[in-house]
Amino acid sequence: MSVEPEVPIVQVEEVRENPVLYKIISSDNHVFTISEHAVKLSKTLWDLITNLGLTAENALDNPIPVENVNGKNMETIVQFCERHKYDEEEPEYTNYIREFVLPEWDRQLLSIDNEELFQLILATNYLDIQKLMDYCCRVIGDMAKDKTPEELRIIYGIPTDAEDDALERSASDSPGPSG
Amino acid sequence: MALANKNALRNTDDEGTRFNYWTKLPLVVKILILKLMTLSDQIALSSLSKQCQELIRPIPIHMRVMCVRHVGSDEPRLFSIDEEKNPCLCEVEDIWSRLTLSKSTIYRFILGIRAAEYENVIFKNFLSKIKKFSHQENSIKTKFLVWNLNENNMEFVEQLMPYFDPSSLEELRFHGTFNQRVYEYISSTIQWEVCKNLFVSMENVAIEEAPIIDISKFIHFDQLVIEVNKTNRNSIRRLIENFASGRHPIGSNFFIGCFNGIPISDVLPQREGLPEYSKFFVFPHNVIGHDDWVLAVSVGRRHVQAMICERDGWEDRYGGDCWIPRFCQSRVAMYMENIHLPSVSDGPVAYYNFD
């Protein structure tokens, strides 16, 4: 499998410590290089790499196409993974104590508009990157902090029961794929 | 009201404070967002629609501290603080069924307000609410269960204790009116049997009113501290007499000691009317804590029982006053294992004679 890049390779971060690099092609044909440690943060990508049998020798010759993620989101994701590739494993969650601090660097990275954040969440969900998903969700969850129910309805655009019922009715009334 | 509504909708016009893609998010992402919200935000959000309620209902609750409070009425509320120090005061019915989920955990659960006048009514109401919403008995998983006992709430110990899962309990703490009735009930529970640490602070109980205990019921504790705050010359005399009386079924030896290896005769000037101290006992710092004095120690085959008196400060140790009135509190402590225990055969342990 060898896909020629149509646009210049985006070198998000030079990786000196780890010689094993992989190439990823986004849905809009941007090509990214990512280190082995970083790519392991994405369960989906790492499973793909393992299943494809990519090794240090052939990794750069076999770019991995990711059709569900565009270049903009992939750039953010690669930046995030490179930044956090050497993070220590999360300590065992004791069920009693859960400390969750969103670091400033990540808050800046995720200071993007609604549409971008939504797309990034979908991409992160697809690529199965738990830490980035936690951070994205925290950014959205923080919007609710100390708000009244009325404010929350506006902030998240949450429908009322009547609106939910109406949506359900219209969904069940609409013809199915066959008719 | 109009003003209230205006205030209620602050900061929602700005695009940066809104997220209009909620309805398009995958379910799993919505749940993760909700899990990361504070409890009060979760409760506020669950009030928006049935769908929100359904989303939040199966999410376990993890809290650092939770306690029963009432605000301006007899209605009990639950006040909690999470690990990030976010406080939440909420209705019992809003969260109790979630609290009883198998994965919910409360690090420290506090019951009772010291000397609360209306606690009888509050606890009655609290009990009737939780009976409706509990999924099962023994359902609250907490590591530390704290009871602030008073005359108005001690009857509820028996009714509420079964709601706490013994398998998660590590420490039981009782403050206040730890009387005979409470002792007899609690020492017969499975929670008592499985718990590793016990702390009892008998703040409202004079030594002579303290429960008569069966020491065999205490030997499974890794750590046990019983504090008695109402001390005076007579109560200390009474306690010492109890120690010396042999009523405790441990066949103990009894002697007077002083913490930190300081000969008590150096610290306490011999005066007319005061007992003579010829021997002292060195107790490790890490066992009874700093700045504690061991006033009386009872030695058994496997454990030590000690009455420890704390003083205001180091300087007072060398003060000229008689020691008894200056002790701010005393406590009886028992440590079972892993400490070096002196025995009569080890050396010159003198029996204390109070006469």
Side-chain angles (χ1 to χ4, degrees), chain A residues 93-102 107 110-126 128-168 171, chain B residues 4-5 7-26 28-38 40-53 55 60-64 82-84 86 102-108 141-144 168 170:
Chain A
Y93 180 31
T94 61
N95 277 348
Y96 287 96
I97 297 168
R98 177 161 201 189
E99 288 184 56
F100 190 113
V101 179
L102 182 56
R107 195 173 282 283
L110 300 176
S111 295
I112 48 182
D113 69 37
N114 265 314
E115 164 74 21
E116 289 174 325
L117 187 55
F118 174 61
Q119 294 299 337
L120 181 62
I121 284 175
L122 295 184
T124 305
N125 191 38
Y126 172 70
D128 199 354
I129 306 169
Q130 189 55 50
K131 191 168 214 163
L132 181 54
M133 182 59 91
D134 279 351
Y135 285 4
C136 288
C137 290
R138 184 58 186 255
V139 168
I140 296 171
D142 279 353
M143 292 176 184
K145 210 148 197 170
D146 303 326
K147 299 293 192 297
T148 63
E150 292 84 358
E151 289 170 329
L152 291 177
R153 194 183 293 287
I154 295 169
I155 288 167
Y156 294 125
I158 292 175
T160 61
D161 285 339
E163 288 165 339
D164 278 333
D165 290 346
L167 277 172
E168 243 176 64
Chain B
N5 278 340
N7 287 337
L9 300 177
R10 70 219 134 98
N11 299 328
T12 52
D13 293 336
D14 180 11
E15 173 72 15
T17 61
R18 286 178 13 199
F19 183 76
N20 292 323
Y21 294 85
W22 178 265
T23 51
K24 295 178 184 168
L25 285 172
V28 65
V29 177
K30 280 183 190 170
I31 291 171
L32 186 54
I33 292 170
L34 292 169
K35 278 183 177 174
L36 293 170
M37 284 182 180
T38 65
S40 52
D41 293 338
Q42 289 173 353
I43 292 166
L45 209 133
S46 72
S47 70
L48 292 181
S49 69
K50 284 178 191 162
Q51 282 197 6
C52 290
Q53 241 172 28
L55 278 177
I61 292 173
H62 302 288
M63 283 288 145
R64 183 83 192 170
D82 66 19
E83 195 53 40
E84 293 171 27
N86 297 302
S102 62
K103 287 188 177 170
S104 289
T105 50
I106 310 297
Y107 189 74
R108 183 182 297 267
K141 281 152 284 297
T142 186
K143 266 193 182 182
F144 296 90
S168 62
E170 285 185 11

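Keep in mind that the numbers below use all heavy atoms, side chains included, and drop hydrogens, waters and symmetry copies. Lettering follows sequence order; numbering is per chain, from 1.
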TODO: Flag the one option from A:Ser111, A:Ala144, A:Pro159, A:Gly141 with the top tally of heavy-atom pairs under 4.5 Å to chain B.
DONE: A:Ala144
Open item on the list: Using modelled atom types and a 3.5 Å cut-off, is there a donor and acceptor pairing between side-chain atoms of B:Tyr107 and backbone atoms of B:Glu83?
Closed with: no
Task: Heavy-atom proximity to chain A below 4.5 Å, by part of B:Ser40 - done: neither
TODO: Counting only heavy atoms closer than 4.5 Å, note whether B:Leu25 contacts chain A via side chain, backbone, both or neither.
DONE: both
Task: Proximal component of B:Lys30, with respect to chain A [non-hydrogen, under 4.5 Å] - done: neither
Open item on the list: For B:Ser46 versus B:Cys52, what's the shortest heavy-atom pair and its separation?
Closed with: CA-CB, 4.1 Å
TODO: Measure from the side-chain N and O atoms of B:Arg108 to the backbone N and O of B:Thr142, and report whether any donor-acceptor pair falls under 3.5 Å.
DONE: no
- [ ] Considering only heavy atoms and a distance below 4.5 Å, find which of B:Leu34, B:Asn86, B:Thr38 pairs most often with chain A.
- [x] B:Asn86
- [ ] Would you mind reporting whether A:Glu116 and A:Leu120 have side-chain heavy atoms less than 4.5 Å apart?
- [x] no
TODO: Go through B:Val29, B:Thr23, B:Val28 and name the one with the most non-hydrogen pairs under 4.5 angstrom from chain A.
DONE: B:Val29
TODO: Can you tell which part of A:Leu167 gets under 4.5 Å to a heavy atom of chain B, answering side chain, backbone, both or neither?
DONE: neither
Open item on the list: For B:Lys50, is there an ion pair with A:Glu168 - N to carboxylate O distance below 4.0 angstrom?
Closed with: no
Task: Main-chain N/O of B:His62 paired with B:Thr105 side-chain donor or acceptor, under 3.5 Å - done: no
TODO: Would you mind checking which part of A:Gln130 comes under 4.5 Å of any heavy atom in chain B, side chain (CB onward), backbone (N, CA, C, O), both or neither?
DONE: side chain
TODO: Using a 4.5 Å cut-off on heavy atoms from C-beta on, say whether the side chain of A:Leu152 contacts that of A:Ile158.
DONE: no
TODO: Sort B:Asp82 into side chain, backbone, both or neither according to what part of it lies under 4.5 angstrom from a heavy atom of chain A.
DONE: neither
Task: Greatest number of heavy atom pairs closer than 4.5 Å to chain B - which of A:Asn125, A:Thr160, A:Asp142 - done: A:Asn125
